[in-house]
Amino acid sequence: MPGLPGLVDPSERLRPSFLAAVAEFRADRDFPVPWFVQDVDPEALTGRAGFAAYVARLLGERTEAGVRDGFVPMTTLWWADGERFLGRLAVRHRLTPALERLGGHIGYDVRPGARRRGHATAMLAAALPIARRLGVTSALVMCDRTNTASRRVIEANGGRLLDLTDRKRRYLVPTDPA
């Protein structure tokens, strides 16, 4: 029987479900393949050692020392229900000018087979206190202009529309509960 989903650190124990979710994301014809799926180390998809190294990379990216060139420190967490991987989110510790235009503080993805069940709304709500602890008082969160579901997720978490770009709806979301 499923329990209550929650945020967990990336873990090797979720490997089978994570790999199944990657396959789901790649097979989904309704949405583009998320950035994080394209960023999975190829070795992580084929063997346990590669997956362990991928998990270690994700955990290491939380510090300046573990950040790859062109990236900022970020806390990646997985949304899971027991052994079932349901989604992932990343809280970026700071923004670059590029991330201010396209990316923001928090990004999230729910695996296709788990969508429309409130997971994204709960994930974003759970990420806001993490962003607050990192010193972010208003998180910049964005979605594609045409992504009505994500717009609703952001607005349900207190997001106020900042502006519209050619591609994105950009919101400021308070990280301190009102």
With a 6.0 Å cut-off on ring centres, are F25 and F36 close enough? yes
Check the pair Y54, E43 against side chain to side chain contact (heavy atoms under 4.5 Å, CB included), reporting the backbone distance first and the verdict last. CA-CA 8 Å; Y54 171 66; E43 299 82 11; over 6 Å; no
R117 side-chain N/O to G113 backbone N/O, donor-acceptor pair under 3.5 Å: yes
Salt-bridge test for E12 and R48: reply yes if a basic N is under 4.0 Å from a carboxylate O, no otherwise. no
List the steps, then state whether salt bridge (Lys or Arg N to Asp or Glu O under 4.0 Å) holds for D39 with R57. CA-CA 11 Å; D39 190 54; R57 175 174 66 87; 3.3 Å; yes
Geometric class of the F85/F18 ring pair [parallel <30°, tilted 30-60°, perpendicular >60°]: perpendicular
So E155 and R169, do their side chains get closer than 4.5 Å, heavy atoms only? yes
When you measure from the side chain of H119 to the backbone N and O of V110, does any donor-acceptor pair fall under 3.5 Å? no
Shortest non-hydrogen contact from G159 to V173? CA-CG2, 3.7 Å
So do T137 and D176 actually touch side chain to side chain, heavy atoms under 4.5 Å? no
Please determine, by modelled atom types, if R111 and S17 share a side-chain donor-acceptor pair under 3.5 angstrom. yes
Taking the six-membered ring for Trp, are W78 and F51 parallel (under 30°), tilted (30 to 60°) or perpendicular (over 60°)? tilted
Return the NE2 to CG distance between H105 and L99, rounded to the nearest 0.5 Å. 9.0 Å
Should R170 and T165 be marked as a side chain to side chain contact (heavy atoms under 4.5 Å, CB included) after you check the CA-CA gap, both sets of side-chain angles, and the distance that decides it? CA-CA 8 Å; R170 296 178 351 121; T165 69; 3.8 Å; yes
Is any side-chain heavy atom of Y171 less than 4.5 Å from a side-chain heavy atom of L162? no
Close side-chain approach of R62 to P73, heavy-atom, < 4.5 Å: no
If I take atom OG1 from residue T121 and atom CZ from residue R152, how far apart are they, to the nearest 0.5 angstrom? 10.5 Å
Taking atom CZ of R160 as the centre, does the number of heavy atoms from other residues, nucleotides or ligands within less than 6.0 Å exceed 12? no
Considering all heavy atoms, the nearest L14-R84 contact: CD2-N, 4.1 Å
To the nearest 0.5 Å, tell me how far L89 CG sits from I130 CD1. 6.5 Å
Taking the side chain as every heavy atom from C-beta outward, state whether L77 and V8 have any pair of such atoms under 4.5 Å apart. no
I want to check something: taking the side chain as every heavy atom from C-beta on, are V141 and Y108 in contact at a cut-off of under 4.5 Å? yes
Do F71 and E61 come close enough that some side-chain heavy atom pair is under 4.5 Å? no
Around R167, counting heavy atoms of other residues, nucleotides and ligands shown, do more than 12 lie under 6.0 Å from its CZ? no
Looking only at heavy atoms, which two atoms of A90 and M74 are closest? And how far apart? CB-SD, 4.1 Å
May I ask you to decide if C143's main-chain N or O and S150's side chain share a donor-acceptor pair within less than 3.5 Å? no
If we only count heavy atoms from C-beta on, is the L4 to D81 side-chain gap below 4.5 Å? no
V136 and R132: CA distance, side-chain angles, deciding distance, side chain to side chain contact (heavy atoms under 4.5 Å, CB included) verdict: CA-CA 5 Å; V136 177; R132 179 72 175 178; over 6 Å; no
Criterion salt bridge (Lys or Arg N to Asp or Glu O under 4.0 Å) on D28 and R115, from CA distance to verdict: CA-CA 12 Å; D28 183 13; R115 291 182 182 148; 2.7 Å; yes
Closest contact, heavy atoms only, L19 versus A44: CD2-O, 3.8 Å
